[in-house]
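A note on names: the letters A, B, ... follow the listed sequences, proteins ahead of strands, and every chain is numbered from 1.
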Amino acid sequence: MTNRQVADLLRLIGDMLEIKGEVIYKSLAYRRAADNIEALGRDINELWREGGLRDIPGVGAALENKLDELLGTGRLGYYDKLQEEIPIGVVSLLSIPDVGPKTAKLLWEELGAVSVADVERAAREGKLRELPGLGVRSEQRILEGIASLYRRTTRIPLGAAWPVARELVQALRSRLGIQMVEPVGSLRRMKDTVGDIDLLVAYEEPEQATAAFTALPQVAEVVSHGPTRATVILHNGLQVDLRALHPERYGALLQYFTGSKDHNVALRALAQRKGLSLSEYGFKRGEEEVLCPREEDVYRILGLPWIPPELREDRGELRAAQQGALPELLQLADIRGDLHSHTNWSDAAATLLEMAQAAQGLGYEYLVISDHTQGLGIANGLDVARLRQQRAEIEGLNKRFSGFRLLRGAEVEIRGDGTLDYPDEVLQELDVVIASVHVGLRQDKETITARVVRAMRNPHVDILGHPSGRLLGYREATNVDLDSVLQVAAETGTILEVNAMPNRLDLDDVHIRRAIELGVALCINSDAHSTGGLEVMEYGVATARRGWAEARHIVNTLPVEQLRKLLTRKE
DNA sequence: GCCGTTTTCGGCCCGACTGTTTTCAGTCG
């Protein structure tokens with residue numbers, strides 16, 4: 001079993017115990033252990049063989065025994081017994097926003113609901129409003145929650161799909177001994193969510209490529225399998241389509257399957273004006289075929305420079321390409337530091353030193369430590385006394401580094417009324433102040449916009465964190481009026497964050513582009529809650545590229561001294 | 001269920017918000 005699978009099972013048990021009504025700390029203990037196992041950075045099986053399970057924080061005698069059984073036999077009697085008490089379907093009800101353990105139990109015991117569909121049916125029949133503690137509004141809210149749930153299950157976050165695709169690409173490259181294997185479709189365009197995974201292979205014998213694909217160990221089920229294409233379902237439930245063609249047509253096929261559909265339509269129209277027709281097999285001029293082994297060939301024949309996949313949304317990229325005005329897109333290597341990270345001083349796993357070392361390992365010149373503030377009690381937010389203790393430790397660490405420094409920051413709560421969670425004189429002590437909304441997410445548009453704007457007008461606030469508050473596939477953005485926020489950002493010089501966490505990617509591509517138009521400065525941050533969490537930066541960079549961002553638009557491409565200078569400009 | 005220079009038992013997860021409440025329960029971060 002992988003660390004992830006073990007962690008998922010422990011979380012599932014945590015959920016079951018909560019529904020059962022066990023003391024909450026038991027569930028929390030399971031979840032804490034799950035988090036630590038996932039953040040382990042090494043194979044739990046190896047640790048188990050070494051007898052080191054107890055070294056994992058949050059694993060005591062009881063969990064050690066259970067993990068021992070689980071890793072040794074692949075089964076867990078305790079879990080099997082729990083399943084007899086709490087059907088797994090009841091746990092699935094927790095995926096509905098606003099349905100927690102109590103409501104899930106109620107729905108199960110009173111209505112026999114063991115699936116989201118059961119709940120939906122009962123809600124439509126008006127049965128939920130009759131249950132104790134629920135009313136018409138709860139019934140309505142649960143229905144809306146289910147609707148948003150259905151919207152989500154159809155798409156996969158980029159951050160979940162990309163590692164899977166990368167693994168498949170590498171497996172195929174090594175099995176076939178070739179390089180020309182690539183993810184295509186919305187995945188290659190780095191859209192924030194993708195519908196499925198599409199792969200492309202150029203191979204002399206396409207049928208051998210599809211055969212190698214369907215034989216991969218990740219494949220659970222072969223849905224269809226022909227000489228040039230195959231569709232499979234992986235063990236993790238994702239669907240993957242593969243197309244294979246002879247290398248002489250690879251460029252045309254790559255271009256075609258990367259899309260977007262709208263981009264391709266525009267491209268074909270351009271081809272027609274030049275007396276050509278363009279398809280997935282290449283160009284035709286009358287009966288004469290023009291093959292495109294490389295993707296650049298497709299664009300070159302149309303008189304265009306190659307257009308990066310992230311721009312291919314028919315949002316003006318063809319015109320820009322014709323005018324020689326394509327942006328020189330930001331690259332991951334341009335990023336010199338990360339302006340948003342958490343440590344075990346608040347709700348994260350790693351120490352200051354571990355985070356600093358991980359950041360240095362990524363080649364960064366600086367890392368901002370921005371733990372939560374006191375108002376976010378659940379995250380163990382820092383009060384002023386602890387903030388100052390942390391400051392002392394950071395200053396001590398900085399004496400040991402060369403060519404790298406930790407900057408002192410905080411992710412400060414924007415309270416319900418737009419005031420901040422630290423007084424100004426404390427904010428003033430910090431190198432970087434990120435202001436974020438975590439509570440009161442349902443405020444109406446006027447209230448929440450005024451609240452955020454008030455925070456941005458504080459001269460000590462450098463960055464507005466995850467501006468829309470969306471959680472991909474789970475929670476819509478808040479009602480905040482992003483247009484107004486962007487205007488105020490331009491006016492006040494507040495930097496807007498592109499939060500790179502795969503379930504956030506917030507700002508999104510569209511608002512990034514708008515921000516750039518308005519002259520709003522941006523930064524891209526991992527919001528890391530573990531050392532490994534720093535590595536999500538690539539998704540933020542990809543999202544910024546989709547928003548036409550160049551390095552000059554992103555403040556954390558600056559060397560540290562220029563950055564520090566920039567950060568004082570509001571004060 | 002974990003953990004311990006305050007404790008081997010008793011803390012640990014607090015506060016805002018919402019809806020259903022007329023004093024509170026459930027959810028969320």
Side-chain angles (χ1 to χ4, degrees), chain A residues 9-11 13-37 53-67 76 78-79 82 93-107 128-145 148-149 342 344 346-348 371-383 386 411-419 421 436-444 447-448 451 465-466 469-471 474-476 478-479 499 501 503-504 506 527 529:
Chain A
L9 184 67
L10 294 185
R11 287 197 189 98
I13 291 173
D15 288 343
M16 289 167 137
L17 292 172
E18 202 176 352
I19 292 168
K20 221 181 126 183
E22 282 276 4
V23 287
I24 187 65
Y25 302 107
K26 212 164 171 175
S27 295
L28 293 172
Y30 274 88
R31 285 170 200 157
R32 187 164 109 83
D35 289 346
N36 287 323
I37 286 166
L53 289 177
R54 289 291 286 273
D55 293 339
I56 303 170
V59 175
L63 273 174
E64 184 188 28
N65 280 335
K66 292 190 172 77
L67 287 172
L76 184 57
Y78 180 65
Y79 169 68
L82 267 178
L93 305 186
L94 298 177
S95 63
I96 305 170
D98 293 313
V99 173
K102 296 291 191 299
T103 310
K105 191 176 186 193
L106 184 73
L107 293 169
L128 265 53
R129 67 184 68 175
E130 325 216 329
L131 297 178
L134 297 184
V136 178
R137 301 176 82 140
S138 302
E139 192 175 71
Q140 192 51 37
R141 216 152 105 163
I142 286 172
L143 270 177
E144 284 166 13
S148 84
L149 190 64
H342 297 270
N344 61 357
S346 66
D347 63 343
D371 276 309
H372 294 288
T373 58
Q374 50 204 8
L376 204 61
I378 179 65
N380 191 25
L382 275 59
D383 59 22
R386 289 180 67 223
E411 184 178 15
V412 183
E413 284 307 297
I414 301 177
R415 296 182 186 138
D417 62 358
T419 60
D421 202 23
S436 300
V437 169
H438 290 109
V439 296
L441 299 165
R442 288 202 172 90
Q443 290 176 333
D444 63 53
T447 308
I448 196 165
R451 172 185 177 195
H466 42 73
R470 73 172 182 174
L471 287 180
Y474 187 68
R475 189 178 71 203
E476 304 288 333
T478 65
N479 294 317
N499 189 296
M501 286 180 77
N503 63 345
R504 287 196 184 271
D506 177 15
D527 198 356
H529 281 69

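Looking only at side-chain heavy atoms (C-beta outward), A:L131 and A:L107 come within less than 4.5 Å of each other.
Across all strands shown, A:A33 has no heavy atoms under 4.0 Å from either base or sugar-phosphate atoms. Within the nucleic acid shown, A:K66 comes within 4.0 Å of sugar-phosphate atoms alone, with no base atom in reach, counting heavy atoms only. Heavy atoms of A:P132 sit nowhere under 4.0 angstrom from any nucleic acid atom. Within 4.0 Å (heavy atoms only), A:L63 reaches sugar-phosphate atoms of the nucleic acid but no base atom. Nucleic acid contact for A:R415: none, since no nucleic acid atom lies under 4.0 Å from a heavy atom of the residue. Across all strands shown, A:V437 has no heavy atoms under 4.0 Å from either base or sugar-phosphate atoms. Among the heavy atoms of the strands lying under 4.0 Å from A:L28 is at least one base atom, whether or not backbone atoms are also near.
Both A:A61 and A:R504 lie near DNA chain B, and the one whose nearest nucleotide falls closer to the 5' end is A:A61. When each of A:L94 and A:G440 is assigned the nucleotide of DNA chain B bearing its nearest heavy atom, the one mapping closer to the 5' terminus is A:G440.
The CG atom of A:L134 sits 13.0 Å away from the CD atom of A:Q140 when rounded to the nearest 0.5 Å. Separating the CG atom in A:D417 from the CD atom in A:Q443 is a distance of 9.0 Å, to the nearest 0.5 Å.
In this structure, A:R137 does not reach the B:dT18 phosphate: none of its side-chain N or O atoms is under 4.0 Å from OP1 or OP2. Residue A:Y25 has no polar side-chain atom (N or O) positioned under 4.0 Å from OP1 or OP2 of B:dG1. Between B:dT18 and A:S138, no contact under 4.0 Å exists linking OP1 or OP2 to a side-chain N or O.
A side-chain contact (heavy atoms from CB on, under 4.5 Å) with A:R386 is found for exactly one of A:T373, A:N380, A:D371, namely A:N380.
The side chain of A:R442 lies closest to B:dT18 when the candidates are B:dT27, B:dT18, B:dC13.
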